[in-house]
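Only one structure is covered here, and it is reproduced in the block below.
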Amino acid sequence: MEKCLKCQDNEWPNQERTMCCEKQVEFLSYAGDSLTLVFIISSVILFITAAVILGTFISFQDTPVVKANNHTLSFILLVSIKLSFLSVFLFLGRPVVITCMLRQISFGITFCIAVSCVLAKTLTVYIAFKATKPGSPWRRWMDIKVANWLVFICSSIQCLISLIWLVISPPYVENILSEPGKIIIQCNEGSVVAFYIVLSYMGLLASVSFIVAFLARTLPVSFNEAKYITFSMLLFCSVWITMIPAYLGTKGKYMVAVEIFAIISSSGGLLFCIFLPKCYIILFKPEINTKQYLLGKCNT
């Protein structure tokens, strides 16, 4: 009589049931996965693009188009966009405890900083127009420190939510036996409620930014970027709204791929919609990037 041996958890028997074979492991691997290659190339190209735009803004930081609407916020926004592109690499490769804990937290905080900067820039445009009227009470809110404090407070709230998440129920690595012969290695959020609170808070900031930018898009303020912010926030919200059902409807590495796509596309939307028009003026329309043009536009 033949003796039967039980295969280990990471093995399964072959068709003849004569030996144990190692089960296929599924995750977004750096080796031989075309999806991973696409995400790496996209992230690197967009990161370099953001770095070039940041360098351009630093080089022309004394010009009106850069100084308009708080150039410090523009620098912070560009840095946060660059970090969001880098956060993609936490989603690639074999999941381990540290990457599982950092991936959702990092993208949540960097995105919150970016959206907070957009909200502060939008409010700056709106307040700048309201403050032009004589005796307007809005003048007290024109201080740059107000916008900076808004970014700090909004970002601190997201950091606090993330810290509570890590303390109460942190993400962890789990192995799922989805089908015979395959093991899916993925990160479990730990607390689904905390995960959706992070997304909801980010969505709240984006929605407020969209509403204020939509109201301020036609205001006659020089270098008014509210219309570009309106389109970027519309794209941002659309990406994440469509991402949620797609995220819930997939599993394994494709679920991770959906989230990475949302991160890259929404970050790219912020980068191109807000900063490309300014770069076009800086590099190709220098005659517009002058105080004389600014004063002439204000007088008309």
Side-chain angles (χ1 to χ4, degrees), residues 39-91 102 105-125 144-145 147-152 154-156 158-159 202 205-206 209 213 222-233 235-236 239 260-286 288-291 294:
F39 289 142
I40 290 175
I41 294 174
S42 302
S43 299
V44 170
I45 291 176
L46 290 171
F47 176 84
I48 294 173
T49 303
V52 171
I53 293 176
L54 179 59
T56 303
F57 268 56
I58 292 175
S59 300
F60 293 88
Q61 61 181 319
D62 294 326
T63 60
V65 72
V66 177
K67 294 173 69 176
N69 202 357
N70 197 334
H71 65 284
T72 303
L73 288 181
S74 297
F75 297 155
I76 297 174
L77 177 56
L78 282 168
V79 171
S80 62
I81 291 175
K82 289 171 60 179
L83 292 176
S84 67
F85 290 134
L86 290 181
S87 69
V88 168
F89 291 92
L90 293 173
F91 292 81
L102 290 178
I105 304 301
S106 61
F107 109 83
I109 292 176
T110 54
F111 265 65
C112 183
I113 295 174
V115 178
S116 298
C117 289
V118 173
L119 176 59
K121 289 167 76 67
T122 309
L123 288 174
T124 301
V125 173
I144 293 178
K145 293 181 180 179
N148 295 340
W149 271 106
L150 178 63
V151 174
F152 176 77
C154 293
S155 303
S156 297
Q158 185 75 297
C159 291
M202 191 169 60
L205 294 179
S209 299
S222 296
F223 302 124
N224 182 3
E225 57 185 352
K227 56 185 177 181
Y228 304 118
I229 293 176
T230 302
F231 185 74
S232 66
M233 287 295 98
L235 176 62
F236 184 92
V239 167
I260 294 175
F261 175 79
I263 292 173
I264 292 176
S265 56
S266 54
S267 300
L270 287 176
L271 179 66
F272 293 128
C273 292
I274 295 177
F275 292 103
L276 275 190
K278 286 192 172 186
C279 286
Y280 176 76
I281 293 175
I282 292 172
L283 299 176
F284 302 106
K285 294 287 185 179
I288 297 179
N289 192 14
T290 60
K291 290 184 178 180
L294 180 65

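This is a predicted model, so every value here is computed, not measured. Note that the numbering runs from 1 along the sequence shown for the chain.
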**Request:** Report the distance from atom CE of M233 to atom CG of L205, rounding to the nearest 0.5 Å.
**Result:** 9.5 Å
**Item:** Test applied, side-chain contact (heavy atoms from CB on, under 4.5 Å); reference residue, V79; option that passes from L77, I81, L83
**Value:** L83
**Prompt:** ring-ring contact (aromatic ring centres under 6.0 Å, His included) with F107: which residues, sequence neighbours excluded?
**Reply:** F111, W240
**Asked** Who passes side chain to side chain donor-acceptor pair (under 3.5 Å) against T63, sequence neighbours left out?
**Response** N289
**Request:** Please identify each residue that fulfils side chain to side chain donor-acceptor pair (under 3.5 Å) with S267, with sequence neighbours left out.
**Result:** S84
**Request:** Could you tell me whether the side chain of F75 reaches within less than 4.5 Å of the side chain of Q61, counting heavy atoms only?
**Result:** yes
Would you be so kind as to tabulate the donor-acceptor pairs closer than 3.5 Å made by side chains of residues 269-276, with sequence neighbours excluded?
none

**Request:** To the nearest 0.5 Å, tell me how far I263 CD1 sits from T110 OG1.
**Result:** 7.5 Å
**Item:** side-chain contact (heavy atoms from CB on, under 4.5 Å) evaluation trace for C279 with F57
**Value:** CA-CA 8 Å; C279 286; F57 268 56; 3.9 Å; yes
**Distance, nearest 0.5 Å, that separates CG of L86 from CZ of F47** = 4.5 Å
**I40: partners by side-chain contact (heavy atoms from CB on, under 4.5 Å), with sequence neighbours left out** = Y30, T36, V44, F89, L92
**Message:** Hydrogens and angles aside, do K121 and S74 bring a side-chain donor and acceptor to less than 3.5 Å of each other?
**Reply:** yes
**Asked** side-chain contact (heavy atoms from CB on, under 4.5 Å) with L150: which residues, sequence neighbours excluded?
**Response** L119, A120, L123, C154
